[in-house]
Structure formats: structure tokens, C-alpha cells
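See structure below.
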2 protein chains.
Amino acid sequence: MSSTPDFNEKQIQILLVAETLFAEKGFDGTSIRNIAKEAKINIAMVSYYFGSKERLLESLIFYRTKDLKIQIENLLVEDLEPIAKINKLIALYINRINSNKGIFRILHFEMATQKKELNIKSFYDLRKSNLKSLEAIITEGQDKGVFRKDISIPLITPTILGTFFHFHMNKEYFMDLLNINTEDLYNNYINVNLTKHIQQTIKALLIYES
Amino acid sequence: MSSTPDFNEKQIQILLVAETLFAEKGFDGTSIRNIAKEAKINIAMVSYYFGSKERLLESLIFYRTKDLKIQIENLLVEDLEPIAKINKLIALYINRINSNKGIFRILHFEMATQKKELNIKSFYDLRKSNLKSLEAIITEGQDKGVFRKDISIPLITPTILGTFFHFHMNKEYFMDLLNINTEDLYNNYINVNLTKHIQQTIKALLIYES
DNA sequence: ATAAAAATTAAACAACTGTTTAATTTAAAC
DNA sequence: GTTTAAATTAAACAGTTGTTTAATTTTTAT
């Protein structure tokens with residue numbers, strides 16, 4: 001079994017710089033020398049600490065996903081109506097991804113280029129766990145008779161996250177389209193309008209009856 | 001004014017190879033030598049025909065998006081109920097993107113890394129035009145009193161496309177999750193289940209009344 | 001203070017990057 | 001058939017790539 005790695009200050013410093021650069025320019029678009037320069041370390045330190053560039057990415061993913069699990073599970077035991085739970089879950093999702101834009105952008109598109117055989121079990125675990133939570137809330141709502149039953153639960157996550165990602169991946173386009181001029185306004189739009197839109201959409205899907 | 005370029009057979013052959021490789025390994029992950037080898041041409045031919053690697057990408061985007069515009073506009077004049085139009089629009093969207101996975105994957109994530117100052121006016125035009133079509137259908141439905149009015153039209157596209165993309169970008173994960181074993185079954189799942197889910201979601205969003 | 005371990009460095013490695021050159025072959029025009 | 005243009009080629013260009021080496025400095029343990 002592989003023990004869970006613990007990172008020291010220097011390593012974390014490297015990880016944070018790598019995160020920014022990978023998110024900005026992509027994994028292949030970022031060189032170890034870029035990272036070293038930005039982090040003010042010698043280029044050999046990356047290999048020294050992480051072994052390789054690929055393992056640096058693995059470490060980054062592990063570092064960022066390991067502590068994201070807990071928050072959601074707490075939601076399950078709260079005493080709320082199903083629809084309120086869903087709304088809270090969505091707000092939690094968006095808020096969390098929005099404040100971890102870097103790593104999620106990296107994940108979103110390094111996952112897609114299958115070439116890399118990354119060891120990202122921690123990320124898969126996070127996903128399955130999140131899906132279980134969502135499933136629990138929805139079946140609870142179905143049992144109570146407030147949610148319809150002819151829906152595909154595994155496709156709800158793509159709708160929630162996909163809507164957010166598509167918006168964010170096309171940030172420039174939407175800022176132009178919606179006359180959003182500053183970074184603050186952009187984040188505000190996400191937290192208010194986009195979150196509301198997604199909540200409204202999922203709510204409609206769950207409780208609509210023709 | 002720049003005239004619209006026409007591509008000869010050899011150029012198209014290069015574009016198609018580039019499309020496959022860019023989609024598989026990303027723009028930065030693909031070298032001109034990769035392309036040349038796969039297309040069985042000399043490496044100098046890319047510069048000869050397109051000027052540079054970046055301009056090759058531009059050409060590819062132009063080549064793929066220029067003829068995608070027409071289909072949707074025809075939909076507007078058909079004599080259908082608003083909700084039927086929306087359903088048809090969604091099916092059209094998904095089907096088209098699904099049969100042009102390569103270029104859309106490239107667009108989806110080369111757009112995101114802002115470094116490139118690509119000349120992709122043709123793509124922006126396509127977008128604005130598509131949004132206009134969607135807007136027309138929805139306002140028509142609102143005027144007829146079948147669609148609710150407190151919705152954000154610009155955020156509907158992210159929900160439609162985002163759901164699809166998120167699903168497709170995480171193809172491996174969902175094939176595992178949903179026990180989809182073959183490429184055919186995967187495409188079938190998209191055309192049937194995923195399309196239906198998106199239609200169901202948008203329909204619920206548009207006509208739900210609390 | 002001494003020995004052992006960890007951290008840091010500059011330099012080198014060979015392979016690969018996009019692009020250009022100048023020469024040669026093929027095709028088109030007259 | 002000759003001339004002009006287009007297409008194709010191998011070779012070279014100057015940088016950059018990820019990684020390793022071996023030497024040196026710094027830290028830790030004894």
C-alpha cells in the first residue's frame with residue numbers, strides 16, 4: 001500500500017506555482033523551467049521532490065482533492081427539505097469549484113487527453129463519494145413523493161458541473177456577452193446568477209410533472 | 001478584408017490528421033513532426049501551406065466551423081410548437097457536436113488557455129448566430145404563454161452544451177459508471193439517453209411553474 | 001566537533017521543438 | 001519544348017524540453 005504523502009513547505013510552494021501555470025497554459029504548455037523560475041527554485045528540485053513532471057501533476061491533484069471530501073457529507077445529515085438540500089449542495093459545489101478554479105480547470109482538461117496514465121485514485125474516490133451523496137438526497141426526495149422518479153441521477157452531475165464549466169471555460173465570451181467588466185463582477189455573477197440558474201434548472205427537472 | 005481561404009486536397013488531408021491529433025493529445029502535446037508522419041508528408045509542408053502551427057489550428061477551426069451555420073437557421077421557419085423546436089434544436093446540437101467531437105474538443109479546451117491569440121471570428125459568429133436562434137424560439141414560446149419568463153436565456157446554452165461536454169470529457173469515467181463497454185453503445189447512449197436527459201431538463205426549466 | 005542526511009546548485013545530456021533554407025522534382029502555361 | 005510556377009525534399013537552425021549528474025552547501029543527529 002502507498003502511504004499518503006505529506007508535503008513540506010517547499011513542496012507546497014512548488015505545487016502552488018505549478019497549479020497556477022498548468023491552469024493558465026496547460027500541462028504541456030508549461031515547462032519545468034517556467035515553474036522553477038516562478039517558484040524561485042532550481043530546476044532540479046522538481047525531479048528531486050516529485051520524481052518527474054507527471055508525478056508533480058499527480059501530487060498536485062492529490063494535494064488539492066484530499067481535503068475536499070468532508071464538506072459534502074456533512075450536508076446529508078442536516079434537517080432540511082430535499083429541495084433545500086439540493087440547492088445547498090449546488091451552491092456548495094459551485095462555490096468550492098469556483099474557489100479552486102485552478103485545479104479543476106487542470107483536471108477538466110488533462111483528464112480529457114487520455115495519454116497520461118495518471119494515478120488519480122483520490123479524485124475518482126471523491127467523485128464516487130459525491131455521486132453517492134447526491135443519490136441519497138434524491139432518493140430521499142423521491143420517497144417523500146416530492147421528486148419525480150423518471151430521471152437519470154448520474155446525468156445530474158454533468159448538468160450541474162457542465163453548466164458551470166462551460167460558462168467558465170468560455171469566460172471571455174460570456175464576459176463580453178453579458179457586459180461583465182471586472183473579475184469581481186464575474187465572480188459575483190457566478191455566485192448569484194449562475195448558481196441560481198443551475199438551482200432553478202435542477203429544481204425544475206426534479207419536481208416538474210407534465 | 002481577408003478572403004475566405006479554400007483548401008486543396010493535400011491541405012485538407014493535413015487538417016484532418018491535425019484534428020485527430022490535437023483532439024487526442026492537445027495542441028501543445030502534438031508536434032508538427034507527429035502530424036507530418038501521420039499524414040505522410042514532409043515536415044516543411046505545414047509551414048509551406050499554413051505558415052505556422054498556430055495558423056494551422058486557425059485554418060482547422062475555420063474549415064470545420066464555416067459550414068455548421070446553415071442547419072440551425074432552417075429550424076426557425078419550421079411549423080412546430082416551441083417545445084418541439086427546442087427538442088429538435090437540442091437533438092441537432094448534440095448530434096452535430098457528437099459527430100464533430102474532434103474539433104469541438106479542441107475548441108473547448110484551446111479556447112480556455114488564453115495564451116493563443118487566435119483569429120477565430122468564424123467561431124464567434126457561429127456562436128452569436130446560434131444564440132440568436134435559441135432566443136427567437138424561446139421568446140416565441142414566451143409570447144405564446146407556454147414558456148416561463150423568469151429564465152436566463154444566455155445560460156441555457158451552457159446547460160445544453162456543458163452537460164454534453166462534461167459527459168464526453170469524462171467519457172472513461174461514465175463508461176465505467178454506466179457499464180458502457182463499446183464505442184457504439186457509447187454513441188447510442190449519447191443519442192438516446194443523454195439527449196433525452198438534456199431535453200427533459202430544458203423542457204422542465206422552460207415550462208415549470210411552482 | 002564530527003558524521004550522516006538532506007537540500008541546493010550549475011552543468012551537461014540527448015532528444016525534441018517550430019521554422020527556414022536552398023536544392024530538386026513535378027506540374028502548368030505558353 | 002521551354003519557361004515559369006508550384007510542390008516536395010533533406011538538412012540545418014537555434015531554442016527548448018525533461019531529466020540526470022556530480023559537486024557543494026546546509027541542516028540534522030550524535
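Throughout, a chain's letter reflects where its sequence line sits, starting with A, and its residues are numbered from 1.
Annotation: Tyr189(A) is not in aromatic contact with Phe174(A) [ring centroid separation under 6.0 Å not met].
Taking the ring centre of Tyr186(A) as origin, the terminal cationic atom of Lys171(A) falls inside the region bounded by 6.0 Å and 45° from the ring axis.
Of the candidates dT19(D), dA7(D), dG18(C), dA7(D) carries the atom nearest the Asn8(B) side chain, counting heavy atoms from C-beta on. Closest to the side chain of Met45(A), out of dT19(D), dT19(C), dA7(C), is dA7(C). Nearest to the side-chain atoms of Lys53(B) among the listed nucleotides dG18(C), dT8(D), dT9(C) stands dG18(C).
The interatomic distance linking Glu9(A) (CD) with dA6(C) (P) rounds to 18 Å, in whole Å. As rounded to whole Å, 8 Å separates atom P of dT17(D) from atom NZ of Lys25(A). For the pair Ile35(A) CD1 and dT16(D) C1', the interatomic distance rounds to 15 Å; values are reported in whole Å. Between the CD1 atom of Ile43(B) and the C1' atom of dA7(D) there is a distance of 16 Å, rounded to whole Å. Atom CD1 of Ile14(A) and atom P of dA7(C) are 11 Å apart (whole Å). With rounding to whole Å, Arg33(B) atom CZ is found 12 Å from dT20(C) atom C1'. Nucleotide dT16(D) holds its P atom 16 Å from the CD1 atom of Ile32(B), rounded to whole Å. Distance CG (Leu21(A)) to P (dT17(D)): 12 Å, rounded to an integer number of Å.
Note on Ser31(B): only backbone sugar-phosphate atoms sit closer than 4.0 angstrom, heavy atoms only; bases stay farther off. Within 4.0 Å of Tyr49(B), counting heavy atoms only, lie sugar-phosphate atoms of the nucleic acid but no base atom.
Of the side-chain N and O atoms in Asn42(B), none sit less than 4.0 angstrom from OP1 or OP2 of dA7(D). For dT20(C), the OP1/OP2 oxygens have no side-chain nitrogen or oxygen of Tyr48(B) closer than 4.0 Å.
Donor-acceptor pairing under 3.5 Å is lacking for the side chains of Thr157(A) and His166(B).
Between Lys196(A) and Asp150(B) there is no salt bridge, since none of the side-chain N atoms of the basic residue sits less than 4.0 Å from a carboxylate O of the acidic one.
With DNA chain D read from its 5' end, the first of the two nearest nucleotides for Lys10(B) and Thr30(A) is the one closest to Lys10(B). Ranked by how close their nearest DNA chain C nucleotide is to the 5' end, Ala44(B) and Lys40(A) are led by Lys40(A).
Side chains of Thr163(B) and Leu155(A) form no contact here, defined as non-hydrogen atoms less than 4.5 Å apart.
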